[in-house]
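Note sheet for the following structure.
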Amino acid sequence: MPELPEVETIVRMLAPHAAGKRIDAAELTLPRMLLGMPAREFAPALAGRAIERILRRGKYIVFELEGCALIIHLGMTGQLTWSPAEYAETPGFVRSITGLQRSKGVHPVDKHTHLILNLAGGERILFRDPRTFGKIFLVPGRAWPAHPRLSILGAEPLELKVKPFLKQAFPEDSARPVKALLLDQSFLAGVGNIYADEALFRSGIHPKTRSRDLRDGQRIALLEAVKAVLRKGIRNSGTSFSDYRKPDGSEGNNYERLKVYGRGGEPCRKCGSILSKSVVAQRGTVHCPECQPAPKRRK
DNA sequence: AATTCGCCCTGTCGGC
DNA sequence: TGCCGACAGGGCGAAT
């Protein structure tokens with residue numbers, strides 16, 4: 001599922017191709033993915049506007065256009081791909097930045113393509129999302145940070161100064177498991193299930209540990225681990241566990257480098273113990289019973 | 001007030 | 001081979 005490193009990768013790869021281009025026409029083929037306005041008003045609101053900048057906030061992709069912002073959340077299975085003008089539609093193949101390539105879990109326009117941005121010059125940005133958990137919305141002017149979905153977001157983990165954050169934002173008395181805290185977008189923006197499990201492993205913290213029971217040293221270790229696993233994810237251009245693809249249709253390289261996520265029942269890469277799979281905060285969770293010992297009970 | 005639960009959705013997989 | 005239920009989960013609104 002696209003989390004901060006995946007969204008960051010998409011934004012970085014998309015920006016040089018899309019920034020400065022004008023949207024000739026937009027096609028929204030699944031109206032329920034659009035929030036906050038009637039679907040018939042959407043395409044006319046985009047037509048003719050130039051893309052000035054593309055950026056990321058949490059897991060949201062923000063297209064700053066002339067006079068408004070187009071915001072996309074990829075949900076679980078969303079893909080944003082870019083195709084240049086010169087590649088024809090060819091069944092079984094997909095057009096991409098790197099050329100015409102055989103379709104391998106990557107698709108040209110199909111029944112799961114819900115938004116098409118036709119750029120002046122013939123390039124296209126495609127939003128494809130099989131499970132349709134993604135969201136699309138428009139915010140007038142430059143007020144997108146104040147949109148209800150974005151205004152509730154917490155700190156950007158990679159810009160985080162750990163020490164000040166400790167005092168400011170750590171809920172001192174929370175009984176929630178620390179994994180639930182990591183998944184809470186109002187705590188840190190952009191951490192999802194994959195990188196939460198990876199960060200907990202890296203810092204040696206059991207996912208069920210109550211937030212209030214974390215010692216300061218553990219909190220620092222955890223936040224540093226969050227930053228480290230996110231940076232590693234970006235360096236490897238994202239985790240293609242299932243549907244995530246880069247804008248050119250290719251896969252990220254981080255999945256094979258994960259320590260715990262998706263590895264339940266397999267041996268820990270650090271100590272060899274069998275990794276344990278459970279449910280924490282309503283999410284599938286993998287941890288190492290040796291490297292991440294169960295929290296000591298304290299009254 | 002803080003947490004948890006139920007729901008949205010569809011491709012994939014295991015069992016029979 | 002084919003059918004079917006279970007499962008995956010981000011984020012929101014309802015329930016506890």
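In the text below, chain A, chain B and the rest are named by the order of the sequence lines, each starting its count at 1.
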For A/Cys68, enumerate each residue passing the side-chain contact (heavy atoms from CB on, under 4.5 Å) test, keeping only those at least two apart in sequence or located in another chain. A/Arg49, A/Leu65, A/Leu138

Give a yes or no on whether a salt bridge exists between A/Glu156 and A/Arg56, defined as a side-chain N under 4.0 angstrom from a carboxylate O. yes

Within the structure shown, what part of the strands sits under 4.0 Å from A/Gly284 by heavy-atom distance: base, sugar-phosphate, or nothing? sugar-phosphate

Identify whether any heavy atom of A/Ser242 sits under 4.0 Å from a base atom; if not, whether one sits that close to sugar-phosphate; answer base, sugar-phosphate or nothing. nothing

Using the heavy-atom set of chain A and a strict 4.0 Å cut-off, write down the first and last nucleotide of DNA chain C that makes it in, 5' to 3'. C/dA8 to C/dC12

Worked check of salt bridge (Lys or Arg N to Asp or Glu O under 4.0 Å) between A/Glu251 and A/Arg245: CA-CA 5 Å; A/Glu251 298 189 0; A/Arg245 295 295 183 278; 3.4 Å; yes

Please state how far atom CZ in A/Arg176 lies from atom P in B/dT3, giving the value in whole angstrom units. 6 Å

Can you check the A/Met76 CE to B/dT10 P distance for me, whole Å? 13 Å

Assign each of A/Thr285 and A/Pro148 to its nearest nucleotide of DNA chain C by heavy atoms, then name whichever residue's nucleotide is nearer the 5' end. A/Thr285

Do A/Lys179 and A/Asp197 sit within salt-bridge range, that is, some charged N less than 4.0 Å from a carboxylate O? yes

So which atom in A/Asp129 and which in A/Leu74 form the shortest heavy-atom distance, rounded to 0.1 Å? OD2-O, 4.1 Å

Is the phosphate of B/dT3 approached by A/Lys179 (side-chain N or O, under 4.0 Å from OP1 or OP2)? no

Inter-axis angle, terminal five-pair segments of the helix from B/dA2-C/dT16 to B/dC16-C/dG2 [nearest 10°]: 60°

Atom CG of A/Asp129 and atom C1' of B/dC9: how far apart are they, to the nearest Å? 9 Å

Pick base, sugar-phosphate or nothing for A/Met1, based on heavy-atom distances below 4.0 Å to the nucleic acid. sugar-phosphate

Rounded distance (Å) that lies between atom P of B/dT3 and atom CG of A/Leu183: 14 Å

Using a 4.0 Å heavy-atom cut-off across all strands, classify A/Tyr261 as base, sugar-phosphate, or nothing. sugar-phosphate

Ring geometry between A/Phe165 and A/Phe187 (parallel below 30°, tilted from 30 to 60°, perpendicular above 60°): tilted

Rounded to the nearest angstrom, tell me the gap between atom NZ in A/Lys208 and atom P in B/dT3. 17 Å

Using a strict threshold of under 4.0 Å (side-chain N to carboxylate O), is an ion pair present between A/Arg142 and A/Glu64? yes

Scan A/Thr81, A/Asp110, A/Asp243, A/Thr77 and name whichever one has a side chain to side chain donor-acceptor pair (under 3.5 Å) with A/Arg128. A/Asp110

Heavy atoms only, 4.0 Å cut-off, all strands: where does A/Lys135 land among base, sugar-phosphate and nothing? nothing

Tell me what A/Ala175 touches on the nucleic acid: a base, only sugar-phosphate, or nothing, going by heavy atoms under 4.0 Å. sugar-phosphate

Closer than 4.0 Å, any side-chain N/O of A/His112 to the OP1 or OP2 of B/dC9? no

Given the options A/Ile23, A/Ile71, A/Leu14, A/Phe63 meets side-chain contact (heavy atoms from CB on, under 4.5 Å) only with A/Leu14

For A/Ser237 and A/Arg12, which I'm curious about, is there any donor-acceptor pair between the side chains at under 3.5 Å? no

A/Arg283 near the nucleic acid: base, sugar-phosphate alone, or nothing, with a heavy-atom cut-off under 4.0 Å? base

Can you measure A/Arg210 atom CZ to B/dA2 atom P for me and round it to whole angstrom units? 16 Å

